[in-house]
Amino acid sequence: MTLATVRGMKDILPPESERWAALEASFRSHAGRYGFREIRTPLLERTELFARAVGETTDIVEKEMYTFTDRSGESLTVRPEGTASVVRAFLDHRPGAGEGPVRLFYIGPMFRHERPQKGRMRQFHQMGAELFGTDAPYADAETIAFLHGFLVGAGLRGISLEINSLGDPECRPAYHARLTEYLAARDAELCDDCRRRRERNPLRVLDCKAERCVRATADAPSILDFLCGPCRDHFAAVEGALASAGVPFSRNPRMVRGLDYYRRTTFEFVIPGMGAQNTVAAGGRYDGLAQLLGGKERVPAIGFAIGVERLLMLLGEGGAASPPADVFLVTTSSALLPDAFRRKMELVAAGVRADMDYEGRSLKSQFRRADRSGAKVVLVLGEEEGRRGAVGYRDMANGIQEEIPAEEAMRRLRGVPKEG
RNA sequence: GUGAGUGUAGCUCAGUUGGCAGAGCACCAGACUGUGGCUCUGGCUGUCGCGGGUUCAACCCCCGUCACUCACCCCA
């Protein structure tokens, strides 16, 4: 192979590209029902945006970003996630200012320099949504219900929704301190990785799959016991609203998210038994992010992102075969190719999916191609018929071929139901 | 970043103790006249990932390298 895609990047070919398009169309439709409108932000942002939003000490920022210095000496980064850009754009433009909550969704590629494996690419794609301007628990529930409805509608089965609250700056420090203390006392029982991350990110220890860590942290303090009054009320209200929205969920007080900006509600849709990449979609509330990025006032917000590759992987193959042609034109001699070409152009212009062979192959070969194209009708342009101003009109399903005036055939074909 | 596995025709893959690179599918052409599917006959296609080494001889053994896949880490 002389040239290939860059590592971790993939071409998306038909018919797979058609499955992508169908999924995106479905997402747009669901989003529209909930009042979310599309936003398209640049793939490139100042490095500082992601460093501040995602968190300086996260793996994403520390070692996974595609960062480079452009010709003017500025450090730019190809986006590793969507929320930071959307928040930045929201603060820049204030769409819908003064009109209540703002709902935005996006679809597009993200880039992280990781080792590729199943369900994880360097260029991967997310469909996400962000709801700005309210910290009402109903906003959390609505956002999650939207996501749930979309996933179920897409045909995903066996998903489970896990939710948690990470508290806020009022109550999280106390829990953090308590957990750190708890883990310090059990240092010897933890795996090597966890001993390392105990100091830096103690929450992550709770998420460790190593058996010894699961055992060691079995009775670890739960964040939910440390929530302050407002956070506790919020979480309870979210649970209530989810229940009334008919969205099943379970609490997972050990759930950890990979980005620093989350607070209060976090959630994940997971598929049991999918291995390490079992999270299909995830999100949470990020009430402090706008201010962290320099916004003047507090903008409460909640959002999620769906991993498109993972979702498609879970949905499996099938569906979306390439659409068959409506009609295939054949000629008995290459002298008739100009006539056939003219008619094909005329049919396509009229919205008919018409195809033909340009290579002057044998009639038999043209029919073989017609058959493979899936065409329902073959139009035979023959010398004999031509002398009578007629064409052969063959129904490929039953093999019945009749000779009819050329214009009559064209009229019939134009009557074929159009797409869209 | 760490570890393991795999790279052979357009695709899926065989290839024995080292001895002239194969199959199926696909594709092309035929099987009395100008007609598809089924069947039959014939035909085309290779940098055996790349670079070294061992050998009379390497797809096969050795070293290196790249790519892909899977797992770890982390994440959607």
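Just so it is clear: chains get the letters A, B, ... in the order the sequence lines come, proteins before strands, and each one is counted from 1.
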Under 4.0 Å, heavy atom to any atom of RNA chain B: which of residues 39-67 of chain A qualify?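 Heavy-atom cutoff 4.0 Å gives D59(A), E64(A).
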Expected output is a numbered-order residue list: members of residues 337-348 of chain A with a heavy atom under 4.0 Å from any atom of RNA chain B. What is it?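 None, since no heavy atom is under 4.0 Å.
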Where L203(A) and Y175(A) come nearest, the two heavy atoms and their spacing: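 Here L203(A) and Y175(A) meet closest at CD2-CE2, 3.6 Å.
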Sort by first number and list every stem of RNA chain B: at least 3 consecutive Watson-Crick or G-U wobble pairs, both distances under 3.5 Å.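 RNA chain B stems, ordered by first number: B:1-7 with B:66-72, B:10-13 with B:22-25, B:27-31 with B:39-43, B:49-53 with B:61-65.
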Within residues 384-404 of chain A or reaching into it, pairs that qualify as salt bridge (Lys or Arg N to Asp or Glu O under 4.0 Å) - sequence neighbours excluded: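 Every salt bridge (Lys or Arg N to Asp or Glu O under 4.0 Å) pair that includes a residue of residues 384-404 of chain A, provided the two are not neighbours, is R388(A)-E403(A), E402(A)-R412(A).
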Counting only N and O atoms by type, is there a donor-acceptor contact under 3.5 Å from the side chain of Y182(A) to the main-chain atoms of A220(A)?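 It does hold such a pair.
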Please answer whether the main-chain N or O of F111(A) pairs with a side-chain N or O of R79(A) as donor and acceptor at a distance below 3.5 Å.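 Flag not set: sc R79(A) to bb F111(A) has no pair under 3.5 Å.
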Between [atom2] of [N] and [atom1] of [X], the distance in whole Å:
X       : N       : atom1 : atom2 : answer
R7(A)   : rC70(B) : CZ    : P     : 12 Å
R372(A) : rA26(B) : CZ    : C1'   : 9 Å
R368(A) : rC28(B) : CZ    : P     : 6 Å

Euclidean distance for [atom1], [N] against [M] (whole angstrom):
N       : M       : atom1 : answer
rA26(B) : rC72(B) : P     : 39 Å
rA58(B) : rU16(B) : P     : 16 Å
rU12(B) : rU17(B) : C1'   : 28 Å
rA21(B) : rA9(B)  : C1'   : 10 Å

Of all the nucleotides listed ([options]), which has the minimum atom distance to the side chain of [X]?
X       : options                   : value
R361(A) : rA29(B), rG1(B), rU35(B)  : rA29(B)
Q126(A) : rA76(B), rU35(B), rA29(B) : rA76(B)
T279(A) : rG36(B), rA76(B), rA29(B) : rA76(B)
R204(A) : rC28(B), rC72(B), rC75(B) : rC75(B)

Which pairs count as ring-ring contact (aromatic ring centres under 6.0 Å, His included) when at least one residue sits in residues 39-69 of chain A, sequence neighbours excluded?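 For residues 39-69 of chain A: Y66(A)-H113(A).
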Residue met sooner reading RNA chain B from 5', once K10(A) and G382(A) are mapped to nucleotides: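 Its nearest nucleotide being more 5', the pick is G382(A).
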If each of P116(A) and A282(A) is mapped to the nucleotide of RNA chain B with the nearest heavy atom, which maps nearer the 5' terminus, i.e. the 5' end?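 Looking at the nearest nucleotide for each, P116(A) comes out on the 5' side.
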Mind checking if V280(A) touches a base, just sugar-phosphate, or nothing, with heavy atoms under 4.0 Å?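 Sugar-phosphate, backbone atoms only, no base.
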Check every strand shown and say whether R115(A) touches a base, only sugar-phosphate, or nothing at a heavy-atom separation below 4.0 Å.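 If one applies the 4.0 Å heavy-atom cut-off, R115(A) turns out to touch a base.
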By side-chain hydrogen bond (donor to acceptor under 3.5 Å, both in side chains) - contacts of Y262(A) (at least two apart):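 Checked Y262(A) against side-chain hydrogen bond (donor to acceptor under 3.5 Å, both in side chains); zero matches.
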